[in-house]
Amino acid sequence: DLPEVGLALSLHAPNQAMRSEIVPAAKAYKIEGLIEALDNHMMAYLKKREANSHRYTEEERIKESTRRRAMIEYVMLEGPTSSFECAHQLGKLCENRH
């Protein structure tokens with residue numbers, strides 16, 4: 001509801017199981033819910049114009065991303081979260097989010 005507010009999402013791992021191991025508070029804030037909140041933030045302006053909610057196309061995401069910005073932060077430290085598998089999972093989380 002705050003269109004001029006930026007958002008930063010700090011992930012410590014690209015999946016819920018790893019996040020819960022690293023950050024105990026992650027058990028209360030599931031990664032799926034965080035990504036949904038990020039999407040809702042990015043699409044808030046469009047949602048105000050449209051009464052019905054739906055999954056957004058890549059074109060809609062690109063257009064709306066010119067109105068607001070969000071940052072997904074991920075630090076790759078040596079260990080299990082710096083694997084190629086984690087990098088691919090992170091890429092999937094960020095896919096079509098501009």
Side-chain angles (χ1 to χ4, degrees):
D1 292 342
L2 301 171
E4 300 302 320
V5 174
L7 179 67
L9 173 58
S10 182
L11 295 177
H12 296 85
N15 62 61
Q16 186 59 35
M18 290 180 111
R19 285 183 71 247
S20 295
E21 286 181 29
I22 297 168
V23 181
K27 293 173 185 162
Y29 302 100
K30 306 283 189 231
I31 198 166
E32 296 82 8
L34 295 174
I35 295 299
E36 183 179 346
L38 177 77
D39 286 344
N40 288 338
H41 172 78
M42 293 301 293
M43 304 309 287
Y45 182 80
L46 184 63
K47 279 185 174 184
K48 283 183 179 181
R49 291 191 350 233
E50 296 180 358
N52 51 351
S53 178
H54 66 282
R55 287 238 183 254
Y56 300 102
T57 67
E58 183 175 357
E59 292 80 24
E60 288 173 318
R61 288 179 190 277
I62 291 169
K63 181 180 176 187
E64 291 305 309
S65 70
T66 62
R67 290 186 169 84
R68 59 185 62 231
R69 295 280 185 234
M71 180 186 309
I72 297 177
E73 304 167 335
Y74 189 95
V75 177
M76 293 184 75
L77 302 175
E78 188 175 340
T81 60
S82 64
S83 69
F84 283 115
E85 181 181 348
C86 284
H88 286 287
Q89 290 176 9
L90 181 62
K92 281 296 196 189
L93 279 176
C94 297
E95 189 173 54
N96 294 326
R97 289 182 172 84
H98 300 276

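Throughout, numbering of the chain's residues begins at 1 and tracks the sequence.
Here Leu9 contributes atom CG and Ile31 contributes atom CD1; the two are 7.5 Å apart, rounded to the nearest 0.5 Å. To the nearest 0.5 angstrom, Leu38 atom CG is 5.5 Å from Leu7 atom CG. Note that CG of Leu90 is 11.5 Å distant from CD of Glu95, once rounded to the nearest 0.5 Å. Rounded to the nearest 0.5 angstrom, Leu93 CG and Glu32 CD are separated by 8.5 Å. Distance check, rounded to the nearest 0.5 Å: CZ of Arg19 to OG1 of Thr81 gives 12.5 Å. Note: Met18 CE to Glu21 CD = 7.0 Å, rounded to the nearest 0.5 Å.
When every heavy atom of Lys30 is checked against every heavy atom of Gln16, the shortest pair comes out as CA-OE1, 3.2 Å. The shortest heavy-atom contact between Cys86 and Pro80 is SG-O, 3.4 Å.
Criterion: ILVMFWY side-chain heavy atoms under 4.5 Å apart, direct or through other members. Under it, Leu34 and Ile72 are part of a common hydrophobic cluster. Tyr74 and Ile35 end up in the same hydrophobic cluster when Ile, Leu, Val, Met, Phe, Trp and Tyr side chains are linked at under 4.5 Å. Following chains of ILVMFWY side-chain contacts shorter than 4.5 Å, one cannot reach Tyr29 starting from Ile22, and the two form parts of different hydrophobic clusters.
Glu78 is linked by a side-chain contact (heavy atoms from CB on, under 4.5 Å) to nothing, counting only residues two or more places apart in sequence or in another chain.
The number of heavy-atom neighbours closer than 6.0 Å to NZ of Lys92, taken from other residues, nucleotides and ligands shown, is 12 or below.
Between the Gln89 side chain and the Ala13 main chain, no donor and acceptor come within less than 3.5 Å of each other.
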